Amino acid sequence: MQNFQNIAVLFIFVGAVGYLIKKFFWNPIKDKNKSCGSGSCGC
Amino acid sequence: MKVSLASLKKGQSGIIISVVTDNIPLKLLEMGCLPGNEVELLQRAPFSCPMYLNINGSHLAIRKEVAEQIEVELM
Amino acid sequence: MAKQINVSLIGNPNTGKTSVFNLLTGLNQQVGNYPGITVERKAGVCKLSRGLKAHIVDLPGTYSLNASSLDENVVIEVLLNKKDKDYPDVAVVVSDVENIKRNLLIFTQIKDLDIPTILVINMADQMLRKGITIDIPELEKRLNTKIVLMSARKKQGVEELKKSIEDYRKLPVAPCLNAFEIDPEYFGGLQRAFPKESLYKLWLVITQDVNFANINRNTIADASQFQTKKNSELKRLQQKETIKRYQFINQTLKATQTIDIKNAKGVRAALDRVLIHKVWGFVVFLAILLFIFQAIYDWSSYPMDLIDGAFAWMSDFFREILPEGMLTNLLVEGILPGIGGIVIFIPQIAFLFLFISILEESGYMSRVVFIMDRLMRRFGLSGKSIVPLISGTACAIPAVMATRNIENWKQRLITILVVPFTTCSARLPVYLIIISLVIPTHRVGWFFGYQSLTLMFLYFIGFGAALVSAWLLNKFLKIESKSFFVVEMPNYKIPLFKNVAINVFEKTKAFIAGAGKIILAISIILWVLGSFGPTEKFSKAKEYVTTQYQENSAEDLETQIASYKLEHSYMGYMGKAIEPVVRPLGYDWKIGIAIISSFAAREVFVSTLATIYSVGSEEEETIKNRMASEINPVTKKPLFNLATGISLLLFYAFAMQCASTIAIVKKETNGWMWPSIQFIFMSGLAYIAALAAYQFLK
């Protein structure tokens, strides 16, 4: 029982770390070139 | 008498004669600020900017700099 | 097999388009984002007859297809690209009875795009009152369309609209006027060069920065034989086009619409006289603000206490029924408090969005923008910055998203950068707990207590910092941008409950989904870091402590073991490592850790402390009691004294401590530069302020 619990905790931990990394460091690929998305566009 | 829209007093109305085209955003024209349309100054904000107008039935607020580019014939 | 009809809802803002959308889709709607940009995408499903379904997208409100802002651009992107998944089988243009003239501009433009179009005239119940009569069949003929009269408020006309959508194939597709008479030579040439494309489509491509499937601007400039016009000529042509369209609209309405009484300058004018008054306008606004903040504060405390109690109970409950072990500990000490920390200020956020939504729906918000504009511009902001700034007191994330209707890029950027200074809900739990610990409860005069004064002061500091930073940024940022401030002043309306409710629901949901997951992940990580240690000291903690303090009671030993374990866990080592940096501010390593974790989300401070203080502890004292009993090992006096408290309060007031906010600023400004600058500036300010406060007060 103890082992199961420990392994479960490990999985959850890795999952949490993975989620944060994905959220902050994964840049979504832009499939459309939206010209009005750029910051300097004064539109 | 021809004056700039910016100089209207509260409650005054006029007919728009011309619009200095380069400085006026297209949006304003699209909202009805066109030569031939009637405009009435409803109120000015504290410090007299922006201006609350009734242009051709549309109730809008625009800044003074923009109003200065619009020429109006007083009614 | 249910077939699907794609429908686009288009129209001016303030026509009740959203109400129509809500009537058609009810709760079957989803709010998301358009890919790559932070413009809200609202889509929903409506069941028609015979198993047909309408997939409806509520496009951002716009006055014309000539886009002047990011969200208006979305409208063209959808309508010009046949391959776009939202490209409509039928377009529904929503107009309102009072502003038909202006509303019809975009209607005529859409008719030029070869898309079957239905015209909805909303607020039809007002027609009688305003003395307006419309010859519908004649108008339908001249506009070449089907007209549906609706009153979204009274829920009238929905069935007719649904039927018209179903029968969309019967709609005439031809345009209602020939706008290209303004320059037959130029347009004739254009059409000949690209015979397969809709002429208006080509024209839009030339005049805007639009990319879509098979044609872009460069193709047209290169490939054609005829002279392409200069920008100023194009602009003049656009103006001519607008004038031509209005001529058509004026003629058409003259023939089909009669207005009998010059109505109700009545209510609107009377209200405006007060609400935009030089003095009363501000007084009323201030009073409303104060009321809102007080109400949120008061009303939320009851549900918050309930939630607090519920989660505490759940912790007890689970600890009892679940088998002992690491997973149970993770659940009870890490996950539950983590979730509780998010859930507990849903009431505040929901209430704030409720008020903002009511103010917007009623039309009052435009008046606020109107009176605040001049003042805001002194600080480099726009009158339209007021909504983001107020929203920021709930959460900076929807606040940053609300800046997209600010036309001037510099003003918009500055607003985005300073909004995180406003006191968001996440700071409140930190403020409240520190205030109740270190600020005395005396009252000044018979109405104000020190504690509430401190809280008010913190709010002012937040706004003050935002304004001062805005002013500084305005001075030092050299960015060229044109100013196109045009604000519509809609008629006053009684807010529709359904709209407000759906709005609040969506915003709250977005906040929970966005920030919530990040916080949960961090809670898990924190707990793990605090429950495992790298060295023997951790695993053999019990032995160490017992041998050292043999003479202590069993209870004391328990707490000492817990404390020793914590000190030698991963988290403990991290805290110790930064302790020299935070000691001048009056903090110890435990507070240090809580601050680090707050850099992911501020409210995590409280739940981190909850975790820190309950890790290893079997009792469920409330956090406050535990904190009050913490002793500073150096001074032997309570750790949470006035100096440390104030220092903490100031730190939290200024520090950029929210990963979710950084993420959205990055998205909105398209890069890491601005959020990085923001982070460094705010954190630096926070450190200095906290340092000064502690050193001065200790």
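Naming: A, B, ... by sequence-line order, numbering from 1 per chain. None of the values given here were measured: they were computed from a predicted structure.
Seen from the ring of C:Y186, C:R236 does not count as a face-on cation partner, given the 6.0 Å and 45° thresholds. For the pair C:R367 and C:F285, the cation does not sit on the ring face, since its NZ or CZ is not both under 6.0 Å from the ring centre and inside 45° of the axis.
B:E68 and B:K64 are not joined by a salt bridge, as no carboxylate oxygen comes within less than 4.0 angstrom of a charged side-chain nitrogen.
Contact of C:Q247 with chain B is not made at all, since no heavy-atom distance falls under 4.5 Å. Interface remark: C:I276 contributes backbone and side-chain atoms alike to the contact with chain B (heavy atom separation under 4.5 Å). With a 4.5 Å cut-off on non-hydrogen atoms, C:N103 does not touch chain B at all. Residue C:E241: no heavy atom, backbone or side chain, is found under 4.5 Å from chain B. For B:I62, the parts sitting under 4.5 Å from any heavy atom of chain C are the backbone and the side chain alike.
Side-chain atoms of C:R374 do not come within 3.5 Å of backbone N or O of B:A45 as any donor-acceptor pair.
Heavy-atom pairs under 4.5 Å with chain B were tallied for C:N12, C:I243, C:N99, C:I106; the largest tally goes to C:I243. Counting heavy-atom pairs closer than 4.5 Å to chain B, the top residue among C:F370, C:Y63, C:F282 is C:F370. For the set C:L105, C:I371, C:D272, C:N250, the count of heavy-atom pairs under 4.5 angstrom toward chain B peaks at C:D272.
When the options B:N54, B:L60, B:N56 are evaluated for a side chain to side chain contact (heavy atoms under 4.5 Å, CB included) with B:S58, the one that passes is B:L60.
Within 6.0 Å of atom NZ in C:K493, more than 12 heavy atoms from other residues, nucleotides or ligands are found, so the atom counts as buried in its surroundings.
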